[in-house]
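Encoded as structure tokens, the structure appears first; notes follow it.
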Amino acid sequence: MSYIEVKEGSKLSVPNNPTIGYIEGDGIGPDISKASISVINAAVEVAYSGNKVIEWKKILAGDEAMEKTGKHLPQESLDEIKKCVIAIKGPLTTPIGEGFRSLNVTLRQYFDLYANVRPVKYFPGVPSPVKNPEKMDMVVFRENTEDLYAGIEWKYDSEEAKKLRWYLKEQFGIKLTDDTGIGIKPISRFKSQRLVRKAIQFALQNHRKSVTLVHKGNIMKYTEGSFKEWGYQLAASEFGDSTITEDEYLKSPGSAGWKVVIKDRITDNMFQQVLTRTDEYDVLATTNLNGDYLSDALAAQVGGLGLAPGANIGDVNAIFEAVHGTAPKYAGMDVANPTSLILSGAMMLNHIGWNEAGEVLDNAVHAAYSEQQVTQDLARQMNVKALKCSEFGNEVIKRMKKIK
């Protein structure tokens with residue numbers, strides 16, 4: 001096997017036959033993974049005529065891993081992902097209210113995949129609940145390792161919660177009722193700034209116009225508010241020659257030139273802005289929970305989570321994923337929409353520097369949608385014949401060859 005190597009400065013050294021890990025996922029995961037891998041392989045073949053090829057390595061996680069190893073995420077799987085550097089995965093089951101912690105969160109924290117990246121763009125012809133969905137073209141950079149996803153919390157009747165309630169009362173005069181569960185929301189300067197750094201780097205590399213820091217700093221001044229302040233400080237100290245604040249830009253609109261405009265918006269206002277002033281926003285950088293809400297809300301404007309790709313990226317490892325759930329009632333029926341995972345594959349190809357293959361894949365998916373080649377989730381809204389999951393993958397591959 002030819003593993004990807006990481007050179008100084010976190011640069012990837014990618015062979016022409018890299019070993020990339022894949023996790024099928026639970027529920028519809030095996031269906032969409034099979035379709036997606038076939039599409040990714042076809043894109044690489046069309047772009048490079050056999051001179052490059054991906055060697056896929058299956059990695060166990062989720063229900064299948066539990067059945068075969070007794071663990072949902074065995075150490076062997078973590079070790080293999082580390083060796084591969086890059087992996088792609090289908091959706092994994094997370095219980096609500098009880099049971100094991102989210103496997104997605106575990107993977108993000110284990111590999112320090114601090115940037116959850118979610119590009120959202122409209123596909124022509126897809127039904128949308130808004131009037132002008134074509135204005136949507138945003139990329140959300142969501143901090144992935146702290147805030148509520150740090151998972152620091154205690155049940156209301158636990159000894160830890162009792163001790164914390166007592167401490168808050170005795171030391172700070174904060175009185176909580178005995179039926180109060182407690183969670184802690186950590187937001188640090190280091191983790192905030194490295195997320196904003198990645199967002200600004202992306203904006204500069206991809207000729208984006210602005211980066212908006214989304215926060216609830218008017219209420220939570222020393223967590224959310226600090227995220228905003230640290231973001232502005234990072235932009236000024238590390239990207240002073242290539243960024244400009246919104247205040248500076250508004251005073252002299254012609255002063256921006258090729259610079260990226262750094263803005264900030266309060267979270268609740270941002271939800272309104274992405275609906276009413278969609279084309280005024282480009283890259284969003286935000287804390288974890290805000291980004292969770294916003295990225296799903298943006299996806300709803302362009303057809304839903306089935307069309308939304310995603311990636312979890314750190315300084316070394318990266319895991320690309322379908323952002324939707326496992327939809328267990330459709331498992332094994334070959335009817336699920338694989339677009340989210342397919343487009344995450346395009347993100348993966350771009351990440352390893354195989355941009356030609358990424359472009360072939362992305363263009364072919366857009367061509368399929370523009371010709372109303374869709375799976376059942378959208379076909380019933382568009383009043384067209386539904387394709388099976390595998391059939392949709394085949395239609396995308398056909399269009400790759402035509403485009404090439």
Side-chain angles (χ1 to χ4, degrees), residues 20-30 32-33 57-118 140-155 158 160 181 183-188 190-191 194-195 198 287-289 291-293 295-296 305 309-328 340-341 344 347-348 351:
I20 291 179
Y22 74 96
I23 296 171
E24 285 189 343
D26 301 324
I28 60 173
I32 65 172
S33 292
K57 172 69 175 179
K58 184 175 181 178
I59 298 172
L60 292 177
D63 293 341
E64 183 181 11
M66 186 66 184
E67 291 174 6
K68 293 182 178 180
T69 70
K71 296 180 180 179
H72 284 97
L73 188 59
Q75 185 62 45
E76 293 82 356
S77 295
L78 295 171
D79 294 342
E80 193 60 49
I81 293 172
K82 185 176 181 179
K83 284 196 293 184
C84 289
V85 181
I86 304 298
I88 189 167
K89 72 175 189 66
L92 294 169
T93 301
T94 299
I96 298 174
E98 61 182 1
F100 60 87
R101 290 252 182 220
S102 165
L103 296 181
N104 296 319
V105 174
T106 300
L107 288 167
R108 294 166 187 173
Q109 293 181 342
Y110 187 89
F111 292 106
D112 200 20
L113 307 176
Y114 59 84
N116 180 251
V117 184
R118 295 271 296 272
V140 178
F141 278 73
R142 165 192 172 205
E143 206 292 319
N144 227 0
T145 61
E146 54 181 1
D147 191 11
L148 298 191
Y149 266 48
I152 306 172
E153 62 172 349
W154 294 274
K155 192 178 178 182
S158 67
E160 293 86 351
I184 295 178
K185 174 189 176 77
I187 291 183
S188 66
F190 170 74
K191 291 186 176 182
R194 68 178 180 174
L195 183 278
K198 219 165 193 62
T287 53
N288 187 280
L289 187 61
D292 202 2
Y293 294 152
S295 54
D296 281 14
L305 291 179
N312 301 289
I313 300 174
D315 289 331
V316 177
N317 292 90
I319 299 178
F320 298 81
E321 65 181 359
V323 302
H324 52 71
T326 59
S340 174
L341 195 59
S344 297
M347 292 179 70
M348 182 191 75
H351 183 78

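For this chain, numbers begin at 1 and follow the sequence in order. Reckoned from all heavy atoms, side chains included, excluding hydrogens, waters and symmetry mates. Remember, it's a predicted structure, so these values are computed and weren't measured experimentally.
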* Between Ser33 (side chain) and Gly29 (backbone), is there a donor-acceptor pair under 3.5 Å? -> yes

* Is the NZ atom of Lys185 crowded by more than 12 outside heavy atoms at less than 6.0 Å? -> yes

* Asked: Any chance the side chains of Thr145 and Glu143 put a donor and an acceptor closer than 3.5 Å?
  -> yes

* **side-chain contact (heavy atoms from CB on, under 4.5 Å) between Val140 and Val117, worked out** => CA-CA 6 Å; Val140 178; Val117 184; over 6 Å; no

* Donor-acceptor under 3.5 Å (Asn144 side chain, Tyr114 main chain) -> no

* To do: Please confirm whether the backbone N or O of Lys71 pairs with a side-chain atom of Thr69, one donor and one acceptor, at under 3.5 Å?
  => yes

* **CZ on Arg118 to OG on Ser344, rounded to 0.5 Å** => 9.0 Å

* If you measure from CD1 on Ile313 to CZ on Phe320, what distance do you get to the nearest 0.5 Å? -> 4.5 Å

* Residues that Glu64 engages under side-chain contact (heavy atoms from CB on, under 4.5 Å), provided they are two or more places apart -> Glu24, Lys58, Leu60, Lys68

* Regarding Thr326 and Asp26, is there a side-chain donor-to-acceptor distance under 3.5 Å anywhere? -> no

* Run the numbers on His324 and Ile32 for side-chain contact (heavy atoms from CB on, under 4.5 Å), then give the verdict. => CA-CA 11 Å; His324 52 71; Ile32 65 172; 3.7 Å; yes

* CZ on Arg142 to CG on Asn116, rounded to 0.5 Å -> 5.0 Å

* Non-hydrogen side-chain atoms of Val316 and Phe111 separated by less than 4.5 Å -> no

* Taking the side chain as every heavy atom from C-beta outward, state whether Ile86 and His351 have any atom pair closer than 4.5 Å. => yes

* To do: Identify the two heavy atoms, one from Leu341 and one from Ala322, that lie closest to each other, and give their separation to 0.1 Å.
  => CD1-N, 3.5 Å

* To do: Look up atom CD1 in Ile184 and atom CG in Leu148, then write down how far apart they are to the nearest 0.5 Å.
  => 11.5 Å

* To do: Quick one: pull up CD1 in Ile88 and CD1 in Ile23 and give me the separation to the nearest 0.5 Å.
  => 10.5 Å

* To do: State whether Glu321 and Arg108 are salt-bridged, where the test is any N-O pair (Lys NZ or Arg NE/NH1/NH2 against Asp/Glu carboxylate O) under 4.0 Å.
  => yes

* **Short side-chain to backbone donor-acceptor contact, Asp147 and Leu289, under 3.5 Å** => yes

* Structure fact -> Taken to the nearest 0.5 Å, the spacing of Asn104 CG from Gln109 CD works out to 11.5 Å

* For side-chain contact (heavy atoms from CB on, under 4.5 Å), just list the numbers for Cys84 and Ile20, CA-CA rounded to whole Å, side-chain angles, deciding distance to a tenth of an Å, and then say yes or no. => CA-CA 6 Å; Cys84 289; Ile20 291 179; 5.8 Å; no

* Pair Asp112 + Lys191, salt bridge at N-O below 4.0 Å -> no

* Asked: Does a side-chain heavy-atom distance below 4.5 Å link Lys82 with Asp79?
  -> no

* **Atom of Gly314, atom of Leu113 and distance for their closest heavy-atom approach** => N-CD2, 3.8 Å

* Can you check side-chain contact (heavy atoms from CB on, under 4.5 Å) on Leu107 and Ile319, steps first, answer last? -> CA-CA 9 Å; Leu107 288 167; Ile319 299 178; 4.2 Å; yes

* Asked: salt bridge (Lys or Arg N to Asp or Glu O under 4.0 Å) with Asp315: which residues, sequence neighbours excluded?
  -> none

* Asked: Would you say Ser77's side chain and Ile59's backbone share a donor-acceptor pair under 3.5 angstrom?
  -> no

